[in-house]
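Just so you know, residue 1 is the first one in the sequence shown, and it goes up from there.
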Amino acid sequence: MSGLFQRLFTWGKSEAHSAVDKLEDPAKMAEQGIRELKEDQTKNMEALAKVKAQVIRLRRDLTNYQETAANYERKAMLLVQKGQNGELDAAEADRLAAESLSRYQDANNQATALKADLENLEKMAAQLERNVQQIRSQIGKWENELRTLKARAQVSSATRKLNAELASVDGKGTIAMLERMRDKVQEQESLAEAYGDIASAPKSVDDEIDKALAGSADRGQSDALAALKARMASKD
């Protein structure tokens, strides 16, 4: 599973620059891969806990056997001393001491066997714990990398859409439409000016005559006023 996931990330890295916009499906696959790794990690943690529990139990059993062996060894020595001191029948002391030594030997053999098993189990537990820590660290690293790639994919997708919109402005003929609209406005303005000239032009011959005589009446009034003033001046 980890090999497949690693290849997936390797592919994602190589494609990130050229086709990062296509990472949507690989991102989902990567998320699924991380979820599966976390599920496996939970099982690994349970297995590690069980191994550690066995280590604890073996240590406790080893201690018990070692204490039992030491106890029987001490008893055998005390029995020998009692036999030598006359506190106990020598033959009986030797018999009981031999029984104690036999039990000491059994307990010691059990302790020796358990110690070997315990050492092997402790090595297994240490190796399993290192693996669990390594996988946990790797999952965190992959999660961060996936988060970064998804962010880059989103930015690239948004940039691609924006650039596509900018590139399609001329394609849609927006500039050409503005040019046509400008020409039409200028045409309408010229047409309006032409109608203005037509409206101000004389519409008949009488209009032309009135226009030609415009100002003559004013000059007549000025002449009459000048004559009036001359007559008044002569009377004085």
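Looking only at distances, no side-chain donor or acceptor of N108 sits under 3.5 Å from a matching main-chain atom of Y104. In this structure a side-chain-to-backbone donor-acceptor pair under 3.5 Å is present from N44 to D40. Although no hydrogens or angles enter the test, the distance criterion places a donor-acceptor pair under 3.5 Å between the side chain of D89 and the main chain of A91. With S137 contributing its side chain and Q133 its backbone, the two residues share no donor-acceptor pair below 3.5 Å.
Looking at R182 and E179, a side-chain N of the basic residue comes within less than 4.0 Å of a carboxylate O on the acidic one, giving a salt bridge.
Checking E67 against N71 by side-chain atom types alone, no donor-acceptor pair falls below 3.5 Å. For the residue pair Q134 / Q138, no side-chain donor-acceptor distance below 3.5 Å is found, with atom types taken as modelled. Of the N and O atoms on the side chains of Q127 and N131, at least one donor lies less than 3.5 Å from an acceptor on the other residue.
Rounded to the nearest 0.5 Å, atoms CG (D183) and CG (L178) are 11.0 Å apart. Expressed to the nearest 0.5 Å, how far OG1 of T112 lies from OH of Y65 amounts to 12.0 Å. How far CG of L101 is from CG of L96: 11.0 Å, rounded to the nearest 0.5 Å.
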Listing, residues 51-60 side-chain donor-acceptor contacts under 3.5 Å, not counting sequence neighbours, or none:
unit_1, atom_1, unit_2, atom_2, d
K52, NZ, E129, OE1, 3.3
K52, NZ, E129, OE2, 3.2
R59, NE, E122, OE2, 3.0
R59, NH2, E122, OE2, 2.8

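For E193, the CD atom is loosely surrounded, since the number of other residues' heavy atoms within 6.0 Å does not exceed 12.
L79 and A93 make their closest contact through O-CB, 3.3 Å (heavy atoms, listed as atom of the first residue, atom of the second, distance).
Proximity of Q188 to K184: side-chain heavy atoms (C-beta onward) are separated by under 4.5 Å at one or more points.
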